[in-house]
Amino acid sequence: MFHRHARAACAGAVAVGALVLASLQGTASAVPSTADPAVRTAARTLGTDAVRPELLNAMQRDLGLTRPQAERRLVNEAEAGAAAALLRQRLGASFAGAWVSGAESGTLTVATTSPAGTAAIRSAGAEARPAAHSLAALDRAKAALDRAAVRGGSAGVPVWYVDVRSNSVVVAARDTAAAESLIARSGADRAPIRVTRTAEAPRPLHDIRGGDAYYMGGGGRCSVGFAVTRGTQHGFATAGHCGRAGTATSGWNQVAQGTFQASTFPGRDTAWVLANANWTSTPYVKGAGGQNVQVTGSVQQPVGASVCRSGSTTGWHCGTIQQHNTSVTYPEGTITGVTRTSVCAEPGDSGGSYISGSQAQGVTSGGSGDCRTGGTTYHQPVNPLLQGYGLTLRTTTGGEEPPPGGEPGGTWAAGTVYTAGDRVSYGGADYVCLQGHQAQAGWEPSNVPALWRRA
């Protein structure tokens, strides 16, 4: 189990992840002490003391945790995420997914198709789960379903996703015959695909700071996802279904705010709004009671991790990440590559912020249910959105637009969105990316073992 006692002032979630990698990369040495200068440097780099009380309070309310349990959970999840990323690199093609469980223990389970992989997982201190299908095979099957939905639609099949816990691609259908038709049309390997029944009828959370309200020129309300910059310009990321390119917006105070510069929906649910000179991007999300929650980066957290959402209709709510790489069908069409969560949301929350600890995760797309009875929601991951539109996330640890050109020490560059497996050079050494994130000054590969390992 990846577990560390949380300190009273809980360090930024990803910061602690650096500690686990430092121990796994060595021999059987103990986890480094917080007094170790290298550990303190890594913690400062990724943003310590970034978890504010309002986030912990919401986790207590929505996840049934005590304050110490919420603090420990964030620490343990960060450690597990960093360890899972390293094991994914070690296992290669036999990696079949990873997930974290346990409110306090932060137990990491890693699946593999290889007996040798099982031994490697256990030697690293995680629980091993044998699997019939690699994560790459599951991703291929789901990609085939995505292509079939684009070609011929997916009526009656609202959701499908890669479920690492069950080592399958789950097709959740209101009409099982429609599900079988989609599978047949896709030409996907049938072995890893599992059909289930669902009553879900997802729709974009339309009618409508991160989390603050904004209003579209033609009517309706959505929520700001995350503040961004593009060069010297300021703006924010949000959901594509909220507006098309050219749509004017006004802010929470009904003052003229900006214009949609680009928007994609369906297919993806992404957009960004360029603000006028009267608005300035800030590195915060609106938390409980209107308090600011710091954004320090965009490291994607693993399945099972806690995540909180801010929206202009229902405010601040928390839940857990259920699956990444999900496809969901709305009446307007299919959206691919979203993350499925147990966080509730309602119309008007669309576009709002999903954040885990202090790490930006995505913008609210849609879902089913409500915040009175509970529900399922989907968010568009923020890193592909930033990459697609050439945006830089505004953070308390950086987030300014990077200077033009590459870094003098190699190919690594601040402002670039990296995904697991990407390779860079820096300071005369080669590195492999362990966890997807947008690079920023201070997060150089040599400084952050939670995000990079020497190749």
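- A donor-acceptor contact shorter than 3.5 Å links the side chain of S281 to the backbone of V228.
- Q440 and T397 are linked by a side-chain donor-acceptor pair at a separation below 3.5 angstrom, with hydrogens and angles left out of the test.
- Residue N253 holds its CG atom at 9.5 Å from OH of Y215, rounded to the nearest 0.5 Å.
- Using modelled atom types and a 3.5 Å distance limit, the side chains of T364 and R309 yield no donor-acceptor pair.
- With hydrogens and angles disregarded, a donor-acceptor distance shorter than 3.5 Å links the side chain of E346 to the backbone of C371.
- Between H437 and W443, the angle of the ring planes lies from 30° to 60°, which puts this pair in the tilted group.
- With contacts defined as side-chain heavy-atom distances shorter than 4.5 Å, the pair F260/T249 qualifies.
- At a threshold of 4.5 Å between non-hydrogen side-chain atoms, the residues M59 and C308 count as touching.
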**Q.** L135 and R88: CA distance, side-chain angles, deciding distance, side chain to side chain contact (heavy atoms under 4.5 Å, CB included) verdict
**A.** CA-CA 10 Å; L135 182 60; R88 179 173 187 167; 3.8 Å; yes

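- In this structure, the side chains of Q438 and L391 stay at 4.5 Å or more apart for every pair of heavy atoms.
- Across S306 and L74, no two heavy atoms sit closer than the pair OG-CD2, 3.7 Å.
- Looking only at distances, no side-chain donor or acceptor of R203 sits under 3.5 Å from a matching main-chain atom of G366.
- The closest side-chain donor-acceptor pair between S368 and T376, if any, does not fall under 3.5 angstrom.
- For N447 and W452, the side-chain atoms include no donor-acceptor pair closer than 3.5 Å.
- Taking the six-membered ring where tryptophan is involved, the planes of W412 and Y426 are perpendicular, since the angle between them exceeds 60° and thus also 30°.
- Taking all atoms of both residues into account, the shortest heavy-atom contact from S263 to R244 is OG-NH1, 3.7 Å.
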Q) Passes side chain to side chain contact (heavy atoms under 4.5 Å, CB included), F226 versus S298? Steps please. A) CA-CA 11 Å; F226 291 96; S298 60; over 6 Å; no

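- Within the 4.5 Å cutoff, no side-chain heavy atoms of R129 are placed close to those of N167.
- Contact of the T198 side chain with the P158 side chain is registered, since non-hydrogen atoms from C-beta on lie closer than 4.5 Å.
- Between the T314 side chain and the A345 main chain, no donor and acceptor come within less than 3.5 Å of each other.
- In plain terms, the two heavy atoms of S365 and Y330 that are nearest each other are OG-OH, 2.7 Å.
- For the atom pair OG (S168) and CD1 (I193), the distance works out to 9.5 Å, reported to the nearest 0.5 Å.
- No donor-acceptor distance shorter than 3.5 angstrom exists from the side chain of S350 to the backbone of C222, with no hydrogens or angles considered.
- With values rounded to the nearest 0.5 angstrom, R453 atom CZ is found 8.5 Å from R90 atom CZ.
- Annotation: side chain of Y161 is not in contact with side chain of L145 (no heavy-atom distance under 4.5 Å).
- Q380 places a side-chain N or O within 3.5 Å of a backbone atom of D269 that can act as its donor or acceptor partner.
- Under the 4.5 Å side-chain criterion, counting only non-hydrogen atoms from C-beta, L63 is in contact with T320.
- Between Y389 and T270, the side chains place a donor N or O and an acceptor N or O closer than 3.5 Å (distance only, hydrogens not considered).
- Between Y354 and H379, the ring-plane angle classifies as tilted under the 30° and 60° cut-offs.
- A salt bridge (charged side-chain N to carboxylate O under 4.0 Å, His left out) with D163 is found for one member of K142, R340, R194 and no other, namely R194.
- Residues A83 and L108 come closest through the heavy atom pair CB-CD2, 3.9 Å.
- By the neighbour-count criterion of 12 heavy atoms within 6.0 Å, atom CZ of R268 is densely surrounded, having more than that number from other residues, nucleotides or ligands.
- For the pair S310 (side chain) and S353 (backbone), a donor-acceptor distance under 3.5 Å is absent.
- Between the side chain of R394 and the backbone N or O of A227 there is no donor-acceptor pair closer than 3.5 Å.
- Separating the OG1 atom in T326 from the CG atom in D146 is a distance of 10.0 Å, to the nearest 0.5 Å.
- Side chain of S356 to backbone of Q359: no donor-acceptor contact under 3.5 angstrom is found.
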Q. After noting the C-alpha distance and the side-chain angles of I321 and W99, does the key distance pass the side chain to side chain contact (heavy atoms under 4.5 Å, CB included) rule?
A. CA-CA 10 Å; I321 296 171; W99 59 96; over 6 Å; no

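- One distance of note links CG of L451 with CD of E444; it measures 11.0 Å at 0.5 Å rounding.
- Across Q261 and A245, no two heavy atoms sit closer than the pair O-CB, 3.8 Å.
- The side-chain heavy atoms of Q300 and Q361, taken from C-beta on, include a pair separated by under 4.5 Å.
- The backbone N or O of R73 sits nowhere less than 3.5 Å from a side-chain atom of N76 that would complete a donor-acceptor pair.
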Q: Dump the intermediate steps for side chain to side chain contact (heavy atoms under 4.5 Å, CB included) on L91 and I121, then the final yes or no.
A: CA-CA 9 Å; L91 294 172; I121 294 165; 3.9 Å; yes

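- Around CZ of R423, the count of heavy atoms belonging to other residues, nucleotides or ligands within 6.0 Å does not exceed 12.
- Under 3.5 Å, the side chains of T334 and T329 contain a donor-acceptor pair of N or O atoms.
- Checked against T339 for a side chain to side chain donor-acceptor pair (under 3.5 Å), the options Q322, Q323, Q301, H324 give a single hit: H324.
- Here CG of L386 is found 11.5 Å from OG1 of T416. Values are rounded to the nearest 0.5 Å.
- Of all non-hydrogen atoms in L138 and P192, the two that sit nearest each other are CD2-CB, 3.6 Å.
- Aromatic ring pairs are classed by plane angle as parallel below 30°, tilted from 30° to 60° and perpendicular above 60°; the pair F236 and Y214 is tilted.
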